[in-house]
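Right, one structure below, let's go through it.
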Amino acid sequence: MASTPPHCSITATKPYQNHPYPQNQLKNNHHRQTHHQNPQPHWTTHKVSLTKPPLSPSPRNAPKPAATSTTTNQNPKPFHSLAPLPSSKSELAPNFSGRRSTRFVSKMHFGRPKINMSTRHTSVAEEALQHAIHYAKDDKSLDSVLLNFETKLCGSDDYTFLLRELGNRGEWSKAIHCFDFAIKRERKKNEQGKLASAMISILGRLGKVDLAKNIFETALNEGYGNTVYAFSALISAYGRSGYCDEAIRVFDSMKKFNLKPNLVTYNAVIDACGKGGVEFKRVLEIFDDMLKNGVQPDRITFNSLLAVCSRGGLWEAARNLFSEMVNRGIDQDIFTYNTVSYNTVLSIYAKLGRFEEVMDICKEMESSGIRKDVVTFNALLGGYGKQWKYDEVRRVFAEMKAARVSPNLLTYSTLIDVYSKGGLYKEAMELFREFKQAGLKADVVLYSALIDALCKNGLVESAVSLLDEMTKEGIRPNVVTYNCIIDAFGRSAIAECPVEDGDRDIELKKESSNLNKVLTMDDKEGQLVGRADNQIIQFFGQLAAEKAGQAKKENRCRQEILCILSVFQKMHELEIKPNVVTFSAILNACSRCNSFEDASMLLEELRLFDNQVYGVAHGLLMGCRENVWVQALSLFDEVKQMDSSTASAFYNALTDMLWHFGQKRGAQLVVLEGKRRQVWENVWSDSCLDLHLMSSGAARAMVHAWLLNIRAVVFEGHELPKLLSILTGWGKHSKVVGDGAVRRAIEGLLTGMGAPFWVARCNLGRFISTGPMVAAWLRESGTMKVLVLHDDRTDSENSRFDKISDLQTLPL
DNA sequence: ATAGGGTTAG
């Protein structure tokens with residue numbers, strides 16, 4: 001076990017720990033016992049110990065791994081030195097599970113669609129698929145469909161297509177039936193092998209490990225399963241269901257069968273280890289084995305290794321791996337690898353919005369004769385969609401269909417999400433309809449995206465009823481689903497009423513009534529679109545109509561609070577573990593409460609989730625800074641372990657809540673602590689204050705601190721820079737395009753203080769001034785008074801604290 | 001044939 005405590009990671013949630021292990025796999029599970037079972041019963045609230053000393057940071061004195069740039073591909077040996085480092089364990093950790101926590105759960109749901117990347121299947125196969133979906137209600141009718149098509153279907157490629165597409169639709173039973181049908185009719189062992197590995201992979205993606213194992217064993221017995229593909233598929237199947245010991249066992253057994261693992265096999269087993277919480281040292285052994293056998297690791301290998309590190313909190317090791325990756329030239333050599341690599345790079349560039357590079361890669365792929373597969377297309381669609389390049393999205397989607405690459409759940413999920421985020425609800429609705437027509441089933445991620453779209457538009461109650469629908473459909477919501485809803489609390493009440501344009505209004509009403517007509521037609525159409533689906537389509541119609549700003553807002557707040565409490569209730573019932581995002585969401589919800597009483601109800605929910613986070617939030621809110629500050633610091637230590645946007649979101653939420661309830665000084669302390677810990681990158685210099693990553697409360701508290709800071713500069717007799725600027729952004733970073741809440745808040749703040757700043761000519765989100773003007777203002781007698789912040793509520797004990805830590809003397 | 005895409009907290 002080396003020095004790593006089993007639960008020190010920030011990704012402590014192990015969603016699969018709830019899966020019942022198959023009976024035959026419970027033996028020899030020593031390892032799993034230690035790793036998979038969270039020793040803390042989740043729903044107990046631990047006692048707050050306000051005297052608890054702050055956590056010590058991770059030791060920095062551990063020996064540095066010696067991954068250096070001298071390493072070459074031919075001599076890859078430095079990895080033994082990447083020993084796991086001891087890392088601090090905190091009691092907060094179990095709740096502070098990072099974002100990765102739900103990924104795995106969501107991937108367990110229906111159809112991890114993975115379809116044949118080539119278009120080797122014939123159009124007959126597509127026709128057969130339609131028949132199998134729509135007409136085959138039982139085994140018998142499926143048989144007759146298959147018999148009907150038997151002579152026209154072209155070998156294993158057509159059958160593989162059929163299996164995969166059925167798998168994409170969650171129809172594992174039909175898929176197995178087709179597999180049995182196909183295997184009987186196939187003579188060549190090689191082709192039977194293809195069918196078998198495809199079938200194993202499909203079942204693996206659907207989380208049906210036991211069935212996958214059956215197929216595998218039969219294939220072995222019948223003499224067509226002895227391939228590296230079948231083994232790799234089974235390893236991956238075990239891995240994605242969390243049975244990493246089984247995955248390793250299968251991997252080890254390959255030797256007996258004289259099979260040499262290849263890159264994919266190694267990647268699958270390393271990935272399984274990552275998901276299964278295997279300690280880093282053990283994974284490195286496999287990695288070394290890989291290198292010894294001359295299999296070159298690729299980006300996926302490294303990513304999986306990195307996941308193991310981050311899981312174990314082994315940040316040093318992760319950093320070293322990363323630099324090793326760069327040293328190995330993974331980035332540079334990527335094009336000499338294979339399609340996989342292409343897709344990985346492509347999706348990275350697409351996410352970054354670097355479309356020139358994306359186009360280059362596409363061209364490169366075309367010239368090397370590598371076909372774009374569903375993953376390639378999905379990456380392109382997501383990339384263009386996130387940049388709001390909807391024309392490109394349409395073009396790529398058309399190209400995809402022309403290339404006869406079937407859009408899958410992820411394709412539609414991506415598209416529906418980007419269209420909803422862009423406010424193109426009609427398009428989103430049409431895609432949802434197409435998605436249902438294709439016979440695909442929504443999973444938790446798609447539902448969460450839909451729920452989020454409703455929430456972001458203030459339709460919290462509709463979101464909650466969709467939550468109920470998905471539960472009824474047998475799809476288990478995850479923490480993300482709940483976080484979306486919690487974070488939406490109060491949004492509708494504070495949402496601005498857009499300035500109405502009469503004509504536009506009428507247009508939208510027309511559009512909305514058209515939508516309703518389409519809806520009615522759909523009902524007649526019949527079976528394909530079910531109850532929940534109709535509801536979703538209705539919601540999109542509602543959203544399209546709500547764009548006209550017709551929302552009735554009376555009583556909303558009251559209803560919403562009841563609604564949100566019922567959501568918490570459901571979360572408890574389903575035993576959904578909260579994470580740091582949940583806490584941020586609750587704090588944000590508090591900021592939207594009009595009364596202290598409402599906020600208290602929400603804080604009470606926070607207390608039930610995590611007494612310690614509650615202790616800090618509540619303590620600061622009540623002005624008991626001195627008592628909770630130590631506790632707060634240890635909380636911030638934990639938050640610092642998250643990725644930067646998660647961390648800053650938490651600081652933003654906490655600060656906003658404090659600011660909202662008049663604890664401005666407390667808010668400022670939190671913000672300065674965040675700055676000290678570099679939660680927001682490069683917040684300030686003497687000439688510039690960059691607020692674009694901050695919430696409005698955090699930004700305002702920061703403006704005060706910054707101005708006090710340059711006031712000190714002035715009073716020390718130094719000159720200010722000629723030009724001073726405050727950047728607020730103008731909504732570019734906002735998920736709501738052009739929102740600019742921070743900009744408005746700062747504008748109001750500066751005006752209110754009489755600070756001589758004005759909006760820069762070419763940039764609405766930038767306030768500027770000159771050094772001399774600001775200096776003169778800062779010298780005015782009344783300025784200091786408006787700059788220093790106070791709390792509405794203070795504990796008498798705190799006056800002493802205030803005096804010592806007068807702002808100018810704070811370590812900034 | 002086996003791996004790799006999508007959702008929340010700005």
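Each chain gets a letter, A, B and so on, in the order the sequences are listed, and its residues count up from 1. Remember, it's a predicted structure, so these values are computed and weren't measured experimentally.
- A:N588 comes within 4.0 angstrom of sugar-phosphate atoms only, judged by non-hydrogen atoms across all strands, and of no base.
- In this structure, CG of A:L410 is placed 7 Å from P of B:dG6, rounded to the nearest angstrom.
- Checking each of A:Y390, A:Y384, A:Y425 against A:Y419 for a ring-ring contact (aromatic ring centres under 6.0 Å, His included) leaves exactly one that passes, namely A:Y390.
- Atoms CG (A:D452) and C1' (B:dG6) sit 13 Å apart, rounded to a whole Å.
- Ionic pairing of A:K213 and A:E246 is not present here: no N-O contact between side-chain nitrogen and carboxylate oxygen is shorter than 4.0 angstrom.
- Checking B:dG6, B:dA1, B:dT7 against every side-chain atom of A:A449, the shortest atom distance belongs to B:dT7.
- Taking only side-chain atoms of A:D373, from C-beta outward, the nucleotide of B:dG5, B:dT8, B:dG4 with the closest atom is B:dG4.
- Ranking B:dA1, B:dG4, B:dT7 by closeness to the A:V375 side chain, first place goes to B:dG4.
- Within 4.0 Å (heavy atoms only), A:I485 reaches no atom of the nucleic acid at all.
- The side chain of A:T227 lies closest to B:dA1 when the candidates are B:dG6, B:dA1, B:dT7.
- Whole-Å rounding puts the A:F583 CZ to B:dT8 P distance at 20 Å.
- Between B:dA1 and A:K189, no contact under 4.0 Å exists linking OP1 or OP2 to a side-chain N or O.
- Of the candidate nucleotides B:dA1, B:dT7, B:dG5, B:dT7 has the atom lying nearest to any side-chain atom of A:V445.
- Close to B:dG4, at under 4.0 Å from its OP1 or OP2, lies a side-chain N or O of A:R240.
- Counting only heavy atoms from C-beta on, A:K194 has its side chain closest to B:dA1 among B:dG5, B:dT8, B:dA1.
- When heavy atoms are screened at a 4.0 angstrom cut-off, A:N267 is found touching base atoms of the nucleic acid.
- Nucleotide B:dA1 holds its C1' atom 15 Å from the CD1 atom of A:I235, rounded to whole Å.
- Using a 4.0 Å heavy-atom cutoff across all strands shown, A:D271 reaches sugar-phosphate atoms only and no base atom.
- Taking atom CE of A:M470 as the reference point, atom C1' of B:dT7 lies 10 Å away to the nearest angstrom.
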Show me the side-chain donor-acceptor pairs of residues 264-273 of chain A shorter than 3.5 Å, one per line, residues at least two apart or across chains.
unit_1: A:T265; atom_1: OG1; unit_2: A:S232; atom_2: OG; d: 2.9
unit_1: A:T265; atom_1: OG1; unit_2: A:N262; atom_2: N; d: 3.0
unit_1: A:T265; atom_1: OG1; unit_2: A:N262; atom_2: OD1; d: 2.8
unit_1: A:Y266; atom_1: OH; unit_2: A:D289; atom_2: OD2; d: 2.9
unit_1: A:Y266; atom_1: OH; unit_2: A:N293; atom_2: ND2; d: 3.1
unit_1: A:N267; atom_1: OD1; unit_2: A:T301; atom_2: OG1; d: 2.6
unit_1: A:N267; atom_1: ND2; unit_2: A:D298; atom_2: OD1; d: 3.3
unit_1: A:D271; atom_1: OD2; unit_2: A:K275; atom_2: NZ; d: 2.7

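- Summarising the geometry, the separation between CG on A:N579 and C1' on B:dT7 is reported as 13 Å, rounded to the nearest angstrom.
- Qualifying salt bridge (Lys or Arg N to Asp or Glu O under 4.0 Å) partners for A:E186, counting only residues two or more places apart in sequence or in other chains: none.
- A:N408 and A:N168 share no side-chain donor-acceptor pair at under 3.5 Å.
- Nucleotide B:dT8 holds its C1' atom 11 Å from the CD1 atom of A:I451, rounded to whole Å.
- Within the 4.5 Å cutoff, the side chain of A:F568 has heavy atoms near those of the A:F609 side chain.
- Between A:L259 atom CG and B:dA1 atom P there is a gap of 18 Å when expressed in whole angstrom units.
- Taking the syn range as angles within 90° of 0, the glycosidic angle of B:dG6 is outside it, so the base is anti.
- When distances run from any side-chain atom of A:L446 to the nucleotides B:dG5, B:dG6, B:dT8, the shortest one goes to B:dG6.
- Using a 4.0 Å heavy-atom criterion, one finds that A:T414 contacts the sugar-phosphate atoms exclusively.
- When the nucleotides B:dT7, B:dG4, B:dA1 are ranked by their closest atom to the side chain of A:K421, B:dT7 comes out on top.
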